[in-house]
Amino acid sequence: MTLTPHAMGTAMPRPEGPEKVRGRAPYAFEHPAAEPLYLFPVQAAIPRGRVTAIDTSAADALDGVVLVLTPETAPRLSDAIDPDHGVLQSAQVHQYGQYVAAVVATTSETAREAADLVRVTYAQEPHVAALDEDSSELYGPDTLVTGAPADDTRGDPDAALAGAAVTVRATYRTPMEHHEPMEPHTTVAVWEGERLVVHEATQAVSWTRQALAGAFGLAEDDVDVVAPHVGGGFGSKGGTHPNTVLTALVARAVPGRTVKYALTRQQMFDLVGYRPATIQHVALGADADGRLTAITHDVVEQSSRIQEFVEPTAAFSRGMYEAGARRTTHRVAPLDIGVPTYMRAPGEAPGSFGAECAMDELAGALGVDPIELRVRNEPEVDPEQGLPYSSRNLVACLRRGAERFDWSRRDPTPRSRLVDGWWHGTGVAAASFPVVRFPGSEARVRAARNGALGNGAGAPRYVVEIAASDIGQGAWAALTAIAADALDVPVERIDLAIGDTAFGSASPAGGSSGTTSWGAAITEAAERFRDKYGDDPDDGDEADATTPDNPWAAEYAMHAYGAHFAEVAVHADTGEIRVPRMLGVFAAGRIVNPLTARSQFLGGMTMGLSAALHEESVLDDRFGHVVNRDFAGYHIATCADVGRMDVEWLDEDDPYVNPMGSKGIGEIGIVGAAAAIANAAHHATGVRVRSLPITLDAFL
Amino acid sequence: MADTGYLSGVHADLSLTVDGRRHELTVDTRTTVLDALREHLDITSAKKGCDHGQCGACTVLLDGRRTLSCLSLAVAHDGSEVTTADGLGADGALHPLQEAFLAHDAYQCGYCTPGQICSAVGMLEEAAAGHPSVVTSDLGADLTAGVDLDRTEIAERMSGNLCRCGAYAHIVDAVDEVAHREVAR
Ligand code: FES
Ligand code: FES
């Protein structure tokens, strides 16, 4: 079905906003608990080897220490779990910073002091922690983390490149990056008999429940995970990390007591995932008119020896442009470091840097405008799946952005505009992100006519429950609007409840899938409710539903598109780089909540700016640890980095994606943003920077 | 016991007035103002983002000035007045900056937000008192009537408060609106 929009498309302030601006909306660590205990871990100081001895005597003797757990004393976990979830289960060390012991104490100060008093000795083994293209350990994985094949070849790209009128071949590099949401990863756990209750900073209460049930051999129903408000995640709070298992494990040893653990900012660089570094060899071949005849995108990237994670870096090149022949490959270096994970637009963000910079280089080599080059290579049908598009408005985004950025007056000559000692230039890049729908979210609609919610005899109110997560993207507002339109009532009559496994299972806030997956489930539940009870239900009437499959999934290719424009200024003497202006134009179906959607796009673009100018986790391969493991060393964009930043979206009517007509918008804002900045930097200075971040030394 | 280099188990009695209410408490001398609020008084408006003075999430007004409460030891602030974002508005109403943050959607996850708002309140007072910033163009000018806050000044002065959600453009909009509304008044 397709919903008629009333609430959708109208700016709606976040219902939780007043609580958030006061600081009253509770995040995980703030869950009230009587006499909680504080956990502080002891982390491995070697990248690979074995713990040979742990001396806890000084820690045990400290006043206020309740317990020191080591691999010898920790409760046992089930074996059938992710390799990095087996905390304190053996003496093996597989990464620097791995948990090797944990202290619980009555205060956080004591726990931290005691952890520092634990003496650990190791037998170290050889390790590898440098990404080296020539490593004999490189291997070809079967699939990307998305499940798509790791390698894909159409036609004969090498022959097509050899015969192309114009070719561009270049290597692009993107660094290891860390998500670093402002709220640290947090677990507050208590065992009530054989039940485990957890307040967690998570993008996916159901996934956390599943992981913990698996680790402790419990039925899922015996684990409650609660997360009404989450302070950002960007992928790092999607999968469950060792910290969550550790906290529950420690709590197991002190039944009935609440154990609290928030990672320090430094620990967040060790244990909760990152975006792996990539080396991307890109080659483009075109005929003299600028029509692509070949694309190759061959990637070498990091993963972890204990658990494979294949960043889908080159997948971006499979669907973006039409080309006669195409090859995309991924080779992985298994390193003795932590396990990578999804970070905002996994694959698309690093992959678009290589692909969209290469398009700019090709435009230069051909002497064709970079927007025109993209328009000429617009596919008729999706090059990857061979399906028609449910909607694809990349060209309209490029044209609209060009108009707003005064592109027609741009002199394409690099290094041609010097103003007050700064070289100025502008650049463009394209963006896309798939429409993702995860199965299995359960939604329930219940009428409330009496009691506190119902207000007696008046119009019914509707309680809508779903174990969705709001990590800042605006699920509280968006799902309220969708429920209101699905039930055809004003938003004031909806009481949304999310962020709790008490509401069943739900897919994560990830893959820009939330609004699609949860919204489709809510729409289905509302439809069943209205079929059963009409618009004048009795108190307590209820209906539920699970995310339905998209009947159009096999017929259409579904993606959101966008175009980034950036103006860059590079200081002629110092090489300092600034980005005074950015514009993003997007075509992403119906925008459910214009107020919060703007924030999502801006947030993605800001993170793209941050990646372009600042972010790089520096791995010291001698020790296998990230050296710059706090905000003094790992720079992210600040307020002063952001100049004029504008967002616009096009009206796009897409009846195939979901009942709302919406496409995910949480990630597309970062895709291509760094490429637009690098392309603008080239236009400003004539210097082509092919590796992120773009720092001043490149221009000196 | 061997000398561990720690001075542990030393406690101090002190009082703090938080959002207008006076509290007496006993804390470990290593306890920060931030942990005193959050873990001893259950006042969790100020957030812990880094515990290291690098993010601004813990910003409160300490005796009227914006301060990183994670870098302030509670024992050094006996008798101080602390205002968190929850105590900014008069009589339970929202402060104009809080209203502006809502209207401009100057946040996403909200975790940095109480710190941003306290920081903005402190910053507007600093500017009104004529404190220059690194982007103040004319340092020779008479600033006693206050510094005019254009967007560059606002962004510069708000840069001690990180927002990983990237709400900066909207934060500047919100602060700009209030700064100029207040000047007009
Ligand atoms: S928590 Fe105080 S500055 Fe980050
Ligand atoms: S709103 Fe999430 S960190 Fe600022």
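Protein chains get the first letters and strands the later ones, always in sequence-line order, with residue 1 at the start of each. All of these numbers come straight from a predicted model, not from anything done at the bench.
At a 4.5 Å heavy-atom cutoff, the contact between B/Leu162 and chain A is made by backbone and side-chain atoms alike. When heavy atoms are compared at a cutoff of 4.5 Å, A/Thr606 approaches chain B solely by way of its side chain, counted from C-beta outward. Proximity to chain A (any heavy atom under 4.5 Å) is shown, for B/Glu39, by both the backbone and the side chain. Heavy atoms of A/Leu602 lying under 4.5 Å from chain B belong to its backbone as well as its side chain. Only the backbone of B/Ala103 comes within less than 4.5 Å of a heavy atom in chain A; its side chain stays farther off. For B/Asp51, the part lying under 4.5 angstrom from a heavy atom of chain A is the side chain only. For A/Thr264, no part sits under 4.5 Å from any heavy atom of chain B, backbone or side chain. With a 4.5 Å cut-off on non-hydrogen atoms, A/Asp630 touches chain B through its backbone and its side chain both. In this structure, the portions of B/Thr31 lying under 4.5 Å from any heavy atom of chain A include both its backbone and its side chain.
The cationic atom of B/Arg164 (NZ for Lys, CZ for Arg) does not lie both less than 6.0 Å from the six-membered ring centre of B/Tyr111 and within 45° of the ring axis.
Looking only at distances, no side-chain donor or acceptor of A/Arg581 sits under 3.5 Å from a matching main-chain atom of A/Ala566. With hydrogens and angles ignored, the 3.5 Å screen pairs a side-chain donor or acceptor of B/Thr67 with a backbone N or O of B/Arg65. In this structure, the side chain of B/Ser72 engages the main chain of B/Leu68 through a donor-acceptor pair within 3.5 Å.
Ranked by heavy-atom pairs under 4.5 Å with chain A, the list B/Asp105, B/Thr44, B/Thr113, B/Asn161 is led by B/Asp105. When each of A/Ala640, A/Pro184, A/Ser108 is scored by its heavy-atom pairs under 4.5 Å with chain B, the top score falls to A/Ala640. Counting heavy-atom pairs closer than 4.5 Å to chain B, the top-ranked of the candidates A/Ala25, A/Gly474, A/Pro18 is A/Pro18. For the set A/Met605, A/Gln473, A/Arg644, A/Gln266, the entry with the most heavy-atom pairs within less than 4.5 Å of chain B is A/Gln266. Looking only at heavy-atom pairs under 4.5 Å with chain B, the residue among A/Lys260, A/Arg598, A/His229 that has the most is A/Arg598. When each of B/Cys55, B/Ala106, B/Gly110, B/Pro114 is scored by its heavy-atom pairs under 4.5 Å with chain A, the top score falls to B/Gly110. Of all the listed residues (A/Ser610, A/Ala262, A/Ala632), the one sharing the greatest number of non-hydrogen pairs under 4.5 Å with chain B is A/Ala632.
Under the 4.0 Å criterion applied to side-chain N and carboxylate O atoms, A/Glu615 and A/Arg275 are not assigned as salt-bridge partners. B/Asp173 has a carboxylate O that lies under 4.0 Å from a charged side-chain N of B/Arg151, or vice versa, which qualifies the two as a salt bridge. With salt bridges taken as basic N to acidic carboxylate O contacts below 4.0 Å, one links A/Glu30 and B/Lys47.
Residue-environment remark: CD (A/Glu35) stays at or below the threshold of 12 foreign heavy atoms within 6.0 Å. A/Asp55 CG: more than 12 foreign heavy atoms inside a 6.0 Å radius.
By the 30° and 60° cut-offs, the orientation of the rings of A/Tyr634 relative to A/His178 is perpendicular.
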